[in-house]
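Following: one structure in structure tokens, then a few remarks.
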Amino acid sequence: MILQDMSLNPPQQEAVVATEGPLLILAGAGSGKTRTLTARVAYLLEQGIRPWNILAITFTNKAAEEMRSRVRASAPEGDKVWVATFHSTCLRILRSGADRLGYGKDFSIYDTDDSRVLMRRVIKELDFDPKQFREREMLRQISAMKNKMISLAESEVTAASFREKRIARIYQEYQRRLMLANAMDFDDLLLNTVKLFEENEDILAYWRNRFRYILIDEYQDTNPAQFRFAELLAREHRNLCVVGDDDQSIYRFRGAEIRNILGFEKDFPESRVIRLEQNYRSTGHILGAANGVIAHNRSRREKTLWTSQEPGEKLIWREYEEAREEARGIARDIVKERDRFPYGDCAVLYRTNAQSRVLEEVFVAQGLPYRLIGGINFYERREVKDLLSYLRLIANPRDDVSLRRIVNVPRRGIGDSSLERVAAYSDARGLSLLEAMDQAEQIPDLKRAAGKIREFVDLISGLRMEALSLSVEALIERTLHKSGYYESLNEEDSIEAEARRENLQELVNKAADFGGEVGLEPLSQFLSEASLVADVDELESGEGKVVLMTLHSAKGLEFPKVYMAGMEQQLFPGDRVLFSGDEAELEEERRLCYVGITRAMKKLILSGAARRMVNGQFSTHLISQFVDEIPAEHIIRERQGLMMSRARYEEKRDRADYFSGFGRRESRPDYDTMGDRPFGADNFSRGFGKKAPSAPAPSPAAKEEKPLMTEFAVGDRVVSRRFGAGTLAQVEEQGQDLLLTVDFDKYGRKVLMAAYAGFTRE
DNA sequence: TCGAGAATTGTTTTT
DNA sequence: CAATTCTCGA
């Protein structure tokens, strides 16, 4: 039946039939993992397991969808199996149980942007120095604590330093405000589900009994909260099957712990381990390259992927003088080979989203169809977010962040000062903003704004009443009209406004697809689904377009032809990693490279550029060390001599007189003394300073090829791109950079940061 | 209250 | 060089 149908190899078959007890499937890249998982679910159903007793957790919604449809195809009741991401699974559990944690059923989900707005308020309210307690950094730290399941109480107890105590205070206040707004951030979805289980035996018992067979994909990227979730559910029946590959763990930065997969047998001592090492995706050369690169990592489970496929074509390395040329080279190459590899078969992968820009510009110029993944998500666009904020406020009237966003959009005369008065009133009484606004007449000093506020309250409560008997689609239309949003948007006839109208229309369409169900419940559901959509989820095959995306987004995907662009030292691996000297970080970058290489089925082209604009400045880069780590027999270096390799750079550097032009650097070989170096115009000015390691840092880019500013002194003549020529009036150190006061010939006195101003000598 | 221009800041990767 | 925040005049 299933086993014959799916033509599985022996270890895959084993993985399918080992239904009872904990099971770890170590599935190398392209080893038929999805097929095996699907077969396993189908097999469980065939054995008489009820579909609602199975929980399958995937990494993306797209993967969930794919798995659901495949299971449906091979088992009659397949579509009743619960297949979802961790976040949506938790969400569904929380919708039915959040009241036990003190949340209302219609809680909002805050995305990164909403969280930032909230955090800004928290820091302001606590009156902490926003320079010392930056919102981004605070959110990062709090997120890290949440992922590690460090509770508020714990964070307060363990806080040793003054700073840590303050961070704990921020954590507390942030959480209090979330609660007050009846909102959860992404991390809360996981954390609160675990909390719900731990504090409510009956609820845990219910879900334990419900999910008797649990599968988790991409297990190498789970964090402690996710581990706890799985462990709680599986503790009794032990039917936990996890699938993953330690070599593809790339989400450490968001709390993933590789030890979850490395230590699975310790967590579940009676577990079985099955290895899938035959790769069905890539040709021999691609696989050889991948194996060669990943072999440089020390902390990993030893394994070697093999393939019975032909060696195929060797990888190609191409280097360029400048990033734009690299982009052109890629575009040209795609067009040239379009008969063999149609556009839809190609993907261009890169390390950072910023790199997509040049590629996009070139693709647009050449009329090459592409699909960009990442950057700004559809649901994060301004007008879409505005409308969603209205809807969120209608569904959850306590949602202060959403209220703040739209209270004056379109303009209705409720400005900052009025809002601050309302906020003061609500803070003092523990009310939400909308509740406080409903008492506008009692709020001191509001005067003329009071009437406008009353109108706003009526608008929202009116829409909330209507929502009870409207579908989501109809509610959106009503909201756009009643709020005046449509009107104000229609007044504008710019291209931009047109694009916004189109986006809103698209949102209406999505709501229509969602179904015609009426009331607040489907509304909440629509909103939460919107918050949990990732950009990759929207990727459709068969569009016939080249896909542009980060290496992270590419995880789990495959393409006949792959370009890895920007293979440059300091970009990939990034300079943060290089300067920190942290081996674990470097290994994570290498895994990312491994993920990239193994996306390719037939052809892989790597490229890099000697110079590229980084932060508004040209910086010079060497060839990525990862390129050198690819065994020579698997790669052809087609375009060469335009970039320097690390080896060549070191050789040159060792010649004694090489640095004569580098100012004081020669006399100060220790980078950790460079915090007070006398210059800051090149890209040494970032990443150095306090955290620099005492070990000699890997060599930064060769600098002799560009005009190099060695020192700034008062009286020097300099030229800025923006303001032209001028004379230095004052030089002052600020943090890791220099603050320059310049008297420009044409523009007068300006104060500029050296690293960003892009100075050259006159 | 609001908008425009000035000033200030900043870099991975994402659910 | 952006993108975002701040300041000031109306």
Side-chain angles (χ1 to χ4, degrees), chain A residues 57-61 84-91 109-113 115-116 120 130-131 134-137 140 143 146-147 184-190 218 221-223 225-226 249-256 349-355 357 373-375 377 379-380 408 411-419 448-449 452 528 531-537 549-555 566 570-578 580 585 588-589 591-592 595-596 613-619 683 685-687 720-722 734-737 739 747 750-753 755-758:
Chain A
I57 291 183
T58 56
F59 196 70
T60 62
N61 292 299
T85 64
F86 263 110
H87 289 269
S88 3
T89 299
C90 289
L91 177 76
I109 299 171
Y110 280 180
D111 64 20
T112 319
D113 204 51
S115 301
R116 250 194 27 227
R120 189 175 314 152
K131 295 233 165 77
R134 292 177 189 283
E135 58 202 43
R136 250 179 64 90
E137 169 68 7
R140 228 204 68 241
S143 174
K146 287 183 174 181
N147 289 149
M184 299 188 194
D185 66 18
F186 284 136
D187 302 318
D188 285 340
L189 291 175
L190 297 169
E218 307 284 7
D221 281 320
T222 52
N223 64 35
Q226 291 165 329
S249 167
I250 54 174
Y251 280 99
R252 202 170 84 132
F253 71 92
R254 71 172 200 211
L349 310 181
Y350 37 80
R351 178 67 240 265
T352 65
N353 278 307
Q355 290 167 252
R357 204 179 157 137
I373 304 293
N377 183 318
Y379 291 101
E380 289 163 5
N408 208 25
R411 312 243 163 258
R412 44 172 79 89
I414 307 175
D416 281 345
S417 54
S418 304
L419 203 60
R448 55 226 150 330
K452 315 256 188 192
S528 14
S531 357
L532 296 181
V533 172
D535 225 31
V536 243
D537 294 335
M549 63 182 151
T550 62
L551 289 154
H552 280 89
S553 301
K555 183 164 102 146
Q570 281 184 300
L571 186 61
F572 186 39
D575 56 357
R576 259 168 191 249
V577 172
L578 290 175
S580 78
E585 293 266 328
E588 174 129 329
E589 293 277 294
R591 288 193 292 270
L592 191 56
V595 166
M613 198 69 114
V614 181
N615 312 331
Q617 275 214 118
F618 272 109
S619 61
N683 50 10
S685 51
R686 322 213 103 233
S720 126
R721 252 195 302 279
R722 185 138 152 234
Q734 197 191 54
Q736 300 176 13
D737 202 357
L739 195 64
Y747 295 86
K750 299 267 177 201
V751 184
L752 302 145
M753 299 292 271
Y756 295 101

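Naming convention: chains lettered A, B, ... in sequence-line order (proteins, then strands); numbering from 1 in each chain.
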Within the sub-3.5 Å range, which N or O atoms of nucleotides 13-15 of chain B have a protein N or O partner, and how far apart are they?
{"residue": "dT13(B)", "atom": "OP1", "partner": "N353(A)", "partner atom": "N", "Å": "2.7"}
{"residue": "dT13(B)", "atom": "OP1", "partner": "N353(A)", "partner atom": "ND2", "Å": "3.3"}
{"residue": "dT13(B)", "atom": "O4'", "partner": "R351(A)", "partner atom": "NH2", "Å": "3.3"}
{"residue": "dT13(B)", "atom": "O2", "partner": "R351(A)", "partner atom": "NH2", "Å": "2.5"}
{"residue": "dT13(B)", "atom": "O2", "partner": "H552(A)", "partner atom": "NE2", "Å": "3.4"}
{"residue": "dT14(B)", "atom": "OP1", "partner": "T550(A)", "partner atom": "OG1", "Å": "3.0"}
{"residue": "dT14(B)", "atom": "OP1", "partner": "S553(A)", "partner atom": "OG", "Å": "3.3"}
{"residue": "dT14(B)", "atom": "OP2", "partner": "N353(A)", "partner atom": "ND2", "Å": "3.2"}
{"residue": "dT15(B)", "atom": "O4'", "partner": "R254(A)", "partner atom": "NH1", "Å": "3.4"}
{"residue": "dT15(B)", "atom": "O2", "partner": "H87(A)", "partner atom": "NE2", "Å": "3.2"}

Can you name the atoms? Protein N/O to nucleotides 4-6 of chain C N/O, anything below 3.5 Å, with the distance.
{"residue": "dT5(C)", "atom": "OP1", "partner": "R120(A)", "partner atom": "NH2", "Å": "3.1"}

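A gap of 22 Å separates the C1' atoms of dC6(C) and dT11(B), to the nearest Å. Using P as the reference atom, dT13(B) and dT4(C) are 14 Å apart when rounded to the nearest Å. Here, dT12(B) and dT5(C) have their C1' atoms 23 Å apart, quoted to the whole Å.
Counting only distance, with no hydrogens or angles, the side chain of D535(A) and the backbone of I373(A) share no donor-acceptor pair below 3.5 Å.
Note that CG of L551(A) and CZ of R591(A) are 14.0 Å apart. Values are rounded to the nearest 0.5 Å. With values rounded to the nearest 0.5 angstrom, L532(A) atom CG is found 14.0 Å from F86(A) atom CZ.
Contact annotation for K131(A): backbone-only contact, meaning every heavy-atom pair under 4.0 Å involves sugar-phosphate atoms and none involves a base.
Distance, E137(A) CD to dT12(B) P: 11 Å, rounded to whole Å. Taking atom CZ of residue R252(A) and atom P of nucleotide dT12(B), one finds them 15 Å apart after rounding to whole Å. Put simply, CE on M613(A) is 13 Å from P on dA3(C), counting in whole angstrom units.
Here the side chains of N223(A) and Y251(A) are not in contact, with every heavy-atom distance at 4.5 Å or above. Between K555(A) and T60(A), every side-chain heavy-atom pair lies at or beyond the 4.5 Å cut-off. For the pair K452(A)/R412(A), no side-chain contact is recorded, criterion being any heavy-atom separation below 4.5 Å from C-beta on.
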R576(A) vs E585(A), test: salt bridge (charged side-chain N to carboxylate O under 4.0 Å, His left out). Steps then yes/no.
CA-CA 9 Å; R576(A) 259 168 191 249; E585(A) 293 266 328; over 6 Å; no

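Every residue meeting the side-chain contact (heavy atoms from CB on, under 4.5 Å) condition with T89(A), not counting sequence neighbours, appears here in chain and number order: L55(A), I57(A), W82(A), A84(A), I93(A), F229(A).
Between H87(A) and F186(A), the ring planes lie perpendicular to each other; the angle is over 60°, past the 30° to 60° tilted range.
Along DNA chain B, the nucleotide nearest V614(A) and the nucleotide nearest G413(A) are compared for position; the residue whose nucleotide lies closer to the 5' end is G413(A).
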